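Report on the structure given below.
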Amino acid sequence: MLTVVALVAGLAGPAIAEPAAYPFRDPRLPLSARVDDLVKRLTLPEKVSLLHQFQPAIPRLGIGEFKTGTEALHGLAWTTERTNGNVVTANATVFPQAIGLASTWNPALIRQVGAVVGDEARGYHSQDPGFWGLQLWAPVVNLLRDPRWGRNEEGYSEDPALTGAISTAYGKGLIGDHPTYLKTAPVLKHYLANNNEVDRTTASSNLRPRVLREYDELAFKPAISANAATGVMSSYNLVNGRPATVNPDVNDVVRTWTDKTLYNVSDASGPYNLTGSQKYFATNEEGFAATLKAGMDSFTVDDNRSGPTIEIINSALAKGLLTEKDINSSVRNVLTIRFRLGEFDPDGGPYAKIRKDIVNSPAHKELARKTATEAMVLLKNDRNALPLDPKRSIAVIGPLERTLYTDWYSGGLPYRVTPLDGIKSRQPNAIDTEAVDRIALREATTGRYVTAGSDEDGDVLKAAGTNVGATEQFDAFDWGHGVLTLRSAANGKYIERQNQGHPTSPFVNQAAQPRGWFVHQQFKLEDAGDGTVVIRYAGYETPNTWDGPNNYLTVGADGTLILGSPDAAGATKFRKELISSGIDSAVRAAKAVDTAVVVVGSMPFINGREDHDRTSMALAESQSALIKAVRQANPNTVVVLENSYPTTLTWEQENIPAIVWTSHAGQETGNALADVLYGTANPAGRLTQTWYRSDADVPDILDYDIIKRERTYQYFDGKPLYAFGHGLSYTSFRYSDLRVSPPGRDGSFMATVQVTNTGQRAGDEVVQLYTHQRTSRDTQPNQQLRAFKRVSLNPGETRTVRLTVPDLRHWDVTRGKWVLESSVHDVLVGASASDIRQRSDVRVHGEQIPPRNLGRETRTIDFDDYTGVDLVDESKTRGEAVEASPGDWVRFSDVELGRGVRTFTAKTARAATGPATVEIRLDDPVNGRLVGTAQIQSTGDKYSYTTTTGALSGASGRHDVYLVFTGESRISTFSLR
């Protein structure tokens, strides 16, 4: 019997053989045998065609088309059109953003969410298998090391243990419960150390070995090791100087974490960056060949057009850069996952019966509400300001009270329950105001008002109005840093460029919300200095060449507003007339009621997103002013913050009675918020990142050394605004009787603690266990999350909570391995990283790291400390080196030099002409004893290494050894003998 896919493929091509006649169609055979059979039947051109994101059908074998990369970050989101590569959005259940999912601290719940997303992906797939592919590009497990990252909404946590638990749960749900077959095939994004958007294809994430092993890798390993993911996507950035697209660790490390086959993919256009922005290879043939050999199995390039990839791969084969064996290796990975998805089974496998009627089912809606509720975090609640009394009057105020926003990786909302909707379901008489200024713009010379269209589709904006009517009024939403979106009062639509990419394109009031990869609904009204303003178009596409040089609006001869000037001097001047004040409306509403709820936050397409980091953690200035005005008008003010990242709410924490945080939480946001505000649900979400008090608390976003720069809760020595793991409840909990078992292998142990609900309401507590190693050769975290559990307790109920710690090892740079040191570890159990309720300790009998032996060849990157150096690629295929400039140094601590060493030997490279030197000093990089100097000769190329030697004198005993550089050079390995 033909499968649907095979039948469709057959209709598109020549007559095909009965698929059941082929052994690869026989599900009774072992998977490996089926893969072998199909690979043997494929021609080399057919194999090459399987290496692109859009894999064509192979009619002669009854094989249908296959497409990678359906987005499914927090619900089924979108795919790309097979004919033109345009985004096609699914209308499916939209759950909270990924940061919100993790804020539940509830892996069991997130597994249910993943199962729903997998079901809905199957539902769409059932209608068009070649279009709605089952390889899902989710979840994102990049660690939220820096809260300014534009894609903070896509990740889970700054902590690898929490990230691993949530990603494994989501992935397990997506994959399903069958031991062999996959419901869907999730791919983890983005390998590796991808936490900045500025210079995102050219910046290098420099990872010293401890940061690599103890932090960044541990975000990816849990889901892969648990077989909750079927591959990784390479990131855009470089890692230690080598583009992640050709990172050999994808093969050398990631594939060792599981005995299952992985199907890895590049990020969009990533392979082309190798010859483009990164200039790493001279030709695409070299870049694509290196990508394949490094472990990527699929090229996400050229949208739906596989032809260029096929041509490049064929050329690489012809030039000997690839062999058919290389092709076969990736093709086996591709096909293994396709087999596990059931594609080649006569009945399509055990998940083939799922149909589209499951999408947004009543059960899925209920789960969306439950998840949004569990994800909300009560940041502050003085004097029981919450929960609210439904009998008391209320005003709902703020720019997010009447709307729900989606994001770039969100599906289309099947329905919307806004904050106002949810609150009105409890208090129908609630009053509201968005508290935004309504303005008119009057052309300064002619006195004509800017006029928009009144119908659903809007109209071209012109300076044509003689007076202020509905079509001349605009609501100015301020998103910070002067960026506004302008919504027409006439039809409720936002102003945007009509045709992005056409320099003379007019502006139209037609957008339902700011949206798209190029967000062309953004403006700035800049003071012209004479009581007028000029309008700067601030759309994200303006740096690109296709829009021309003009960023400022001018008025054409017919009154049409266009981009007509490159600067303010040539722009048309307008007089901004205030029709009504947002602050004034907010104050009136706040004074008229018992309680004011102010709903503020972000617009996910504007306030940080892919390709755009935030420059500040502060609220938009106008939102801060709004909160202060409402608080002055009504002391009973509750702030609801709806955004995707930590925010510096220092004034609000000191002055506002109650604060609730939620991510953009999907279709059920309003119901979930009302459940929390009115106490139907007891909040128990917890923060997954440190919330800082000031932008000054975080260093350069491009510095990835969390140990040296004291990043994340693990190493931060300051006082946070809200600690990692923070979240309050409407009840109270007592911790008692912490008991710790004797440690086992790798320092594993079990802890039990009694947790009692001492309040009057049922509620959930998230019990968190941290450890701290008291003594170590190496700098250790102040705290490190080891285990957690969300538990539900009725009033007066006590439960014994069991927490398992599997491993207390850390990475030993002196020997390049995981080590368990003999030490006492503090065991800290409580409600957050700063709210520890019970303490104990466990004495671990391990080993003492011996003094360094630099007599053997030592990787220079395995230093203990450094100043100024960069971590770089030793070659374009493998290896790492240290690149130094004058004055830079690296330190190797506690080195045993014995009775004396006489020779320094190093593998060095120097592209610059002339010699440089490296000094070998003891105990201090400046004033320490100079025991030798080695001349580093020019090799003419940074990848051409030579052996450098230098004589040593007076180097004996036990010391810290410094290599101090006086010129630009690279050093990969060295020894002292």
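Heavy-atom basis, side chains included; hydrogens, waters and symmetry copies ignored. Note that the structure is predicted; figures quoted are calculated from it, not measured.
In summary, E652 and R631 do not engage in a salt bridge, as defined by a charged side-chain N under 4.0 Å from a carboxylate O. Ion pairing of E668 with R416 is absent here, as no side-chain N (NZ or NE/NH1/NH2) approaches a carboxylate O to less than 4.0 Å.
Side-chain N or O atoms of R145 include none that pairs as donor or acceptor with a backbone N or O of A193 at under 3.5 Å. Within the 3.5 Å criterion, the main-chain N or O of F95 finds a donor-acceptor partner in the side chain of H74.
Applying the salt bridge (charged side-chain N to carboxylate O under 4.0 Å, His left out) rule to pairs touching residues 694-705 yields R208-D705, D703-R709, sequence neighbours excluded. Counting only residues at least two apart or on different chains, the salt bridge (charged side-chain N to carboxylate O under 4.0 Å, His left out) pairs with a member in residues 147-156 are D146-R148, R151-E154, R151-E610.
With sequence neighbours excluded, the residues satisfying salt bridge (charged side-chain N to carboxylate O under 4.0 Å, His left out) with D611 are R200. For the ring pair (Phe, Tyr, Trp, His ring centres under 6.0 Å) test, residues two or more places apart in sequence or in another chain that qualify with F716 are Y692. Checked against ring pair (Phe, Tyr, Trp, His ring centres under 6.0 Å), W517 has the following partners two or more places apart in sequence or in another chain: W408. Legend: residues meeting side-chain contact (heavy atoms from CB on, under 4.5 Å) with N91, ordered by chain and number and at least two apart, are Y124. Annotation: side chain to side chain donor-acceptor pair (under 3.5 Å) contacts of S277 (sequence neighbours excluded): T201. Annotation: ring pair (Phe, Tyr, Trp, His ring centres under 6.0 Å) contacts of Y191 (sequence neighbours excluded): F220. In terms of the side chain to side chain donor-acceptor pair (under 3.5 Å) criterion, residue partners of Y722 (sequence neighbours excluded) are, by chain and number, Q653. Not a single side chain to side chain donor-acceptor pair (under 3.5 Å) links T403 to another residue, sequence neighbours left out. By the side-chain contact (heavy atoms from CB on, under 4.5 Å) test, P419 is found to be paired with L404, V599, E642, L673, residues two or more places apart in sequence or in another chain being considered. T68 pairs by the side chain to side chain donor-acceptor pair (under 3.5 Å) definition with nothing, not counting sequence neighbours.
You'll find the side chain of V265 reaches within 4.5 Å of the side chain of V187, heavy atoms only.
The residue from L379, T688, L721 that alone fulfils the side chain to side chain contact (heavy atoms under 4.5 Å, CB included) condition with H726 is L379.
Remark: the S205 side chain and the N237 side chain contain an N/O donor-acceptor pair separated by less than 3.5 Å. A donor atom on one side chain and an acceptor atom on the other are found under 3.5 Å apart for N643 and T647.
Within a 6.0 Å sphere centred on NZ of K524, other residues, nucleotides and ligands contribute more than 12 heavy atoms.
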